[in-house]
Amino acid sequence: AGSAGAAASATGAATAAATSGDDDIVPVVASRAMTATDAAVGDELVHHSHLFELVNDTGHALEFTQTEQFNARDTDKVVLKAGERAPITFPSPTQKQQMGSASLRCVAFRVTGWDPVENVVVDRVGNFLYAMKSSRPGHNIYIVVNISLDGSVKTISVRSSCQIQNKMPIPLDVGYLDAQKAVQFLATVQPDTCFAVPIVVAYKAQLRVRPSGLAYDWCDKNISWNVSNQLTTDCKLAAGAQHTTEAPTGATSLQAQGADPVFPLMMAKVQEQYDNGHLEENVPQHVLTFAPPLLIKNLLPLPVLAEVTSEDIASNVIQLRLEAGQMLPVYGGVHHKIRMRAKCQEWAGEAGDWSKPITLFTPGRIKDGTGDEFVSLSSAREDPLPDLNLHLKTSTNPDFSFTRIISLYVPYWIVNKTGKHIFLQQDGEKLPPCVAPPTLDQPTLFSYGVKTLLRKPKAILRVQDSEFSEPLNLDVVGNTGVVSVLHQGSKWELSMAIHFAQGGLSKIITFTPRFVIFNNTNMPVFLTAEPCTPGSAAADGAPAAAAGGG
């Protein structure tokens with residue numbers, strides 16, 4: 001395909017060689033870095049409206065003109081090295097009408113070694129595919145023009161039709177096999193970003209991947225757009241590297257002790273969608289996504305300590321601290337049966353013990369996610385709390401079916417806004433009640449101790465030293481109602497509202513006073529819930545609501 005020109009940027013973008021034919025070696029600038037052009041782009045964007053920015057992510061030199069047809073002798077032609085970008089300013093619609101030209105804005109470009117791509121309309125945001133003919137027969141390819149809007153500026157990215165997406169919490173190095181079967185480094189892909197594979201590499205070469213910054217070698221399987229929809233590959237420790245059980249930042253890797261330690265990687269191939277049609281041809285048009293096989297997510301409002309072990313490697317133990325709402329990956333589940341036990345010291349106290357272990361993942365077996373499992377947590381506080389059931393819900397990542405998500409949650413969060421202590425327990429079971437103090441610092445966690453197949457469990461509550469209420473259904477989300485209890489012959493009433501917590505598994509049960517009195521007068525108001533009798537607080541002049549208060 002010819003030379004791509006000099007290597008891009010003073011910041012040191014990586015250069016490599018990709019096989020484009022039987023004997024040709026094409027220099028490829030693999031990664032995009034900030035260039036001197038970028039500063040000019042920033043200045044230009046400030047002074048012009050209707051500005052566009054063109055980014056060359058092809059891995060090769062790119063020539064473009066602001067015309068419908070490409071003219072190699074055009075004095076306004078701009079040449080971009082791989083990874084560079086340039087601003088484009090089109091005439092305003094009024095100027096175009098005065099010049100008698102069409103209202104659509106177009107560009108034409110040429111990648112070194114191929115015929116020009118012309119009539120590329122850049123007015124519409126979207127993902128567009130164009131055929132690019134080679135100067136040699138049998139080397140035709142497709143190229144993608146992605147147009148996105150950021151504020152008032154449209155970015156026109158020209159790239160290959162094959163991308164690598166990193167959904168791991170750690171960076172990934174990407175390389176490819178050259179003609180001598182040696183791995184040549186291409187780029188480091190940061191978490192939650194995509195890397196456009198250089199054009200020739202996407203069509204002609206096999207890719208390799210490894211965790212970046214760690215002591216692992218390249219993966220042991222070739223990766224390309226024409227592999228199966230899902231692929232599992234292993235990265236072994238590099239020669240001379242020392243095995244360590246220390247997990248990389250943001251990652252948990254269970255590795256076999258006594259065997260060659262490995263870092264498993266899982267990839268899913270997803271076909272890319274284009275706004276100007278769909279290709280039936282067997283060519284690159286895919287996003288290769290890397291994601292962890294197992295994710296543990298804490299849906300409690302408190303931190304949870306988790307101890308993860310591989311059942312067939314008893315000595316390999318990793319402890320995690322999952323903050324409220326945090327999700328961490330576990331990689332070793334690809335090859336081993338993974339078990340976990342948990343504790344919540346903020347709930348149980350510093351001396352709280354671990355729960356019994358439970359199986360999270362078994363290689364080759366997929367949980368259907370229709371049921372829940374749970375482990376019991378016991379309190380070690382001086383005023384002991386009833387045991388709390390920590391539920392585990394298994395689900396599949398909607399974007400990558402090979403990733404299992406284990407969500408840790410407690411079914412009910414009790415929020416007490418009544419100003420009085422509430423005691424809650426399961427109806428029909430002689431278990432100690434759960435105490436919800438009148439504080440808004442943290443919700444009180446509650447779960448049923450016993451579940452039966454014959455009837456759905458319900459809860460009963462009392463306020464202070466009142467009698468217990470009628471059974472309550474805590475599972476009807478959106479329900480609001482009144483809860484009545486008898487206290488020394490009088491009826492106390494509370495309002496109860498139920499809605500989902502974030503994550504959609506736990507339910508927040510909020511109790512508030514049945515009535516709240518606001519005094520908007522300029523004088524105290526005396527109130528009583530009972531008939532006023534001589535000697536009562538109200539009759540003696542005790543104000544129930546001060547002026548201007550509630």
Side-chain angles (χ1 to χ4, degrees), residues 1-38 53-65 70-72 74 77-86 88 107-118 120 128-146 155-164 174-179 184-189 194-207 224-225 283-286:
S3 174
S9 94
T11 56
T15 59
T19 306
S20 64
D22 294 336
D23 302 313
D24 300 337
I25 298 296
V26 181
V28 174
V29 179
S31 61
R32 178 163 41 135
M34 184 66 71
T35 67
T37 313
D38 295 328
E53 182 185 16
L54 191 140
V55 182
N56 177 13
D57 280 332
T58 64
H60 304 267
L62 177 75
E63 304 171 278
F64 79 92
T65 60
F70 185 83
N71 182 359
D74 192 337
K77 179 183 68 175
V78 177
V79 179
L80 290 180
K81 297 177 183 178
E84 288 189 332
R85 55 182 69 204
I88 308 174
V107 297
F109 58 82
R110 181 176 67 183
V111 178
T112 304
W114 285 273
D115 292 343
V117 178
E118 300 177 323
V120 178
F128 306 97
L129 196 69
Y130 293 90
M132 197 163 65
K133 295 182 179 180
S134 173
S135 55
R136 295 183 299 170
H139 287 74
N140 297 343
I141 65 170
Y142 289 90
I143 196 166
V144 175
V145 177
N146 178 269
T155 300
I156 309 163
S157 175
V158 183
R159 59 172 174 82
S160 74
S161 54
C162 181
Q163 295 185 94
I164 290 181
V174 179
Y176 71 96
L177 290 178
D178 62 14
Q184 301 293 333
F185 174 82
L186 277 175
T188 297
V189 187
C194 280
F195 168 68
V197 180
I199 295 173
V200 172
V201 176
Y203 273 79
K204 295 290 185 180
Q206 299 290 333
L207 300 172
S224 69
W225 56 272
V283 296
Q285 47 183 319
H286 304 89

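Source: prediction; values computed, not measured. Quick note: numbers below take in every heavy atom, side chains included, and nothing from hydrogens, waters or symmetry partners. This chain uses plain numbering: 1 for the first residue, then up along the sequence.
Residue A202 comes nearest to S160 through the heavy atom pair CB-OG, 4.2 Å, listed as atom of the first residue, atom of the second, then distance.
Note that the CG atom of L54 and the CG atom of L80 stand 6.0 Å from one another [nearest 0.5 Å]. Here CD1 of I199 is found 11.5 Å from SG of C162. Values are rounded to the nearest 0.5 Å. A distance of 12.0 Å separates CZ in R159 from OG1 in T58, rounded to the nearest 0.5 Å. Taken from CD1 in I164 to SG in C194, the straight-line distance is 9.5 Å, to the nearest 0.5 Å. Interatomic distance, E118 CD to R110 CZ, rounded to the nearest 0.5 Å: 10.5 Å.
Taking 4.5 Å as the limit, every side-chain heavy atom of F70 sits out of range of all side-chain heavy atoms of D115. Contact of the V145 side chain with the I156 side chain is registered, since non-hydrogen atoms from C-beta on lie closer than 4.5 Å. Two residues are said to be in side-chain contact when any heavy atoms from C-beta on lie closer than 4.5 Å; T155 and R85 fail this criterion. Using a 4.5 Å heavy-atom threshold, the side chains of F64 and V158 count as separate.
When each of V189, V197, V201 is checked for a side chain to side chain contact (heavy atoms under 4.5 Å, CB included) with V174, only V189 meets the rule.
Between the side chain of S161 and the main chain of P284, a donor-acceptor pair closer than 3.5 Å is present. Judged purely by atom type and a 3.5 angstrom limit, N56 uses its side chain to pair as donor or acceptor with the backbone of K81. Y203 places no side-chain N or O within donor-acceptor distance of the main-chain N or O of V283, the cut-off being under 3.5 Å.
Residues meeting the side-chain contact (heavy atoms from CB on, under 4.5 Å) test with Q206, sequence neighbours left out: L177, N222, S224. Evaluation of the side chain to side chain donor-acceptor pair (under 3.5 Å) rule for Y130 yields no partner, not counting sequence neighbours. Every residue two or more places apart in sequence or in another chain that forms a side chain to side chain donor-acceptor pair (under 3.5 Å) with Q163 is listed here: E272.
The aromatic rings of W225 and H286 lie parallel to each other, with less than 30° between the two planes, well short of the 60° mark.
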